[in-house]
Amino acid sequence: QVQLLESGGGSVQAGGSLRLSCAASGYTHTCMGWFRQAPGKEREEVAVIYTRTGTISTYYADSVQGRFTISQGDVKNTLYLHMNSLKPEDAGEYYCATLGCTVAKGEIIKRKPEYWGQGTQVTVSS
């Protein structure tokens, strides 16, 4: 069983920044990502990263492109989400996940979540 533990959530004002962290157990995960869910809304994909044999591919939702950066740490199975220029609509519960991914020509074309963390809350005040 894979376990994921998120941290780094908190409350910030609009325009501020946060960095979320995720530590995953088990074998090396080549594809990991961040999702979020706001109250009353469905869980949505935020960013995904695929790393294998030195190749890195990333995917970002349009709503966060240019503001958020997903990265992997030096320690195996650590994942980060650097969030800048936060907006009130970025608020919600953020989840780390491992995914089954298909990459073609450097693009992550298929992404299927496999395991989830418990989430970390992000609040953005206007």
Side-chain angles (χ1 to χ4, degrees):
Q1 183 72 17
V2 174
Q3 294 183 328
L4 300 101
L5 181 63
E6 303 97 333
S7 61
S11 296
V12 295
Q13 290 189 329
S17 299
L18 280 175
R19 187 185 79 162
L20 305 183
S21 302
C22 173
S25 66
Y27 53 86
T28 299
H29 304 291
T30 58
C31 197
M32 297 182 69
W34 291 95
F35 294 70
R36 68 186 181 190
Q37 187 167 18
K41 294 188 177 182
E42 293 186 354
R43 190 172 298 187
E44 63 175 351
E45 195 173 45
V46 175
V48 176
I49 186 167
Y50 175 90
T51 304
R52 189 167 186 176
T53 59
T55 298
I56 299 176
S57 299
T58 57
Y59 164 84
Y60 293 95
D62 289 343
S63 58
V64 306
Q65 181 75 46
R67 300 188 297 121
F68 290 12
T69 302
I70 189 170
S71 64
Q72 292 185 312
D74 294 334
V75 177
K76 186 186 82 169
N77 289 341
T78 57
L79 184 71
Y80 301 106
L81 184 68
H82 303 258
M83 305 187 293
N84 296 319
S85 302
L86 282 161
K87 304 176 181 179
E89 53 263 42
D90 293 319
E93 193 78 11
Y94 280 70
Y95 299 90
C96 174
T98 63
L99 300 93
C101 292
T102 300
V103 177
K105 298 181 180 179
E107 182 180 354
I108 308 174
I109 59 173
K110 291 184 180 179
R111 307 171 295 275
K112 182 178 180 181
E114 298 173 328
Y115 297 97
W116 296 94
Q118 294 298 308
T120 185
Q121 183 70 37
V122 171
T123 302
V124 184
S125 57
S126 57

Check your understanding: Does Gln118 CD have over 12 foreign heavy atoms under 6.0 Å away?
Key -> no

Point to revise | More than 12 heavy atoms of other groups within 6.0 Å of Glu114 CD | key: yes

Point to revise | Heavy-atom closest pair, residues Ala97 and Leu99 | key: O-CD1, 3.5 Å

Check your understanding: Within the side chain of Thr102, is there an N or O that forms a donor-acceptor pair under 3.5 Å with the backbone of Ile109?
Key -> no

Check your understanding: Between the main-chain N or O of Gly92 and the side-chain N or O of Arg36, is there a donor-acceptor pair closer than 3.5 Å?
Key -> no

Check your understanding: Looking only at heavy atoms, which two atoms of Ser63 and Arg67 are closest? And how far apart?
Key -> O-NH2, 2.8 Å

Review point. Do Ser57 side-chain atoms and Gly106 backbone N/O form a donor-acceptor pair below 3.5 Å?
Key: yes

Point to revise | Minimal non-hydrogen separation, Ala47 against Tyr60, with atom names | key: CB-CD2, 3.6 Å

Revision key, fill the gap. For Val122 and Gly9, the nearest pair of non-hydrogen atoms, with its separation, is CG2-CA, 4.3 Å

Exercise for review: Measure across His29 and Gln72 and return the closest heavy-atom pair with its distance rounded to 0.1 Å.
Suggested key: O-NE2, 3.9 Å

Practice item. Give a yes or no on whether the backbone of Gly119 and the side-chain of Glu6 come within a donor-acceptor separation of less than 3.5 Å. Key: yes

Review point. What distance separates Ser25 OG from Lys76 NZ, expressed to the nearest 0.5 Å?
Key: 9.0 Å

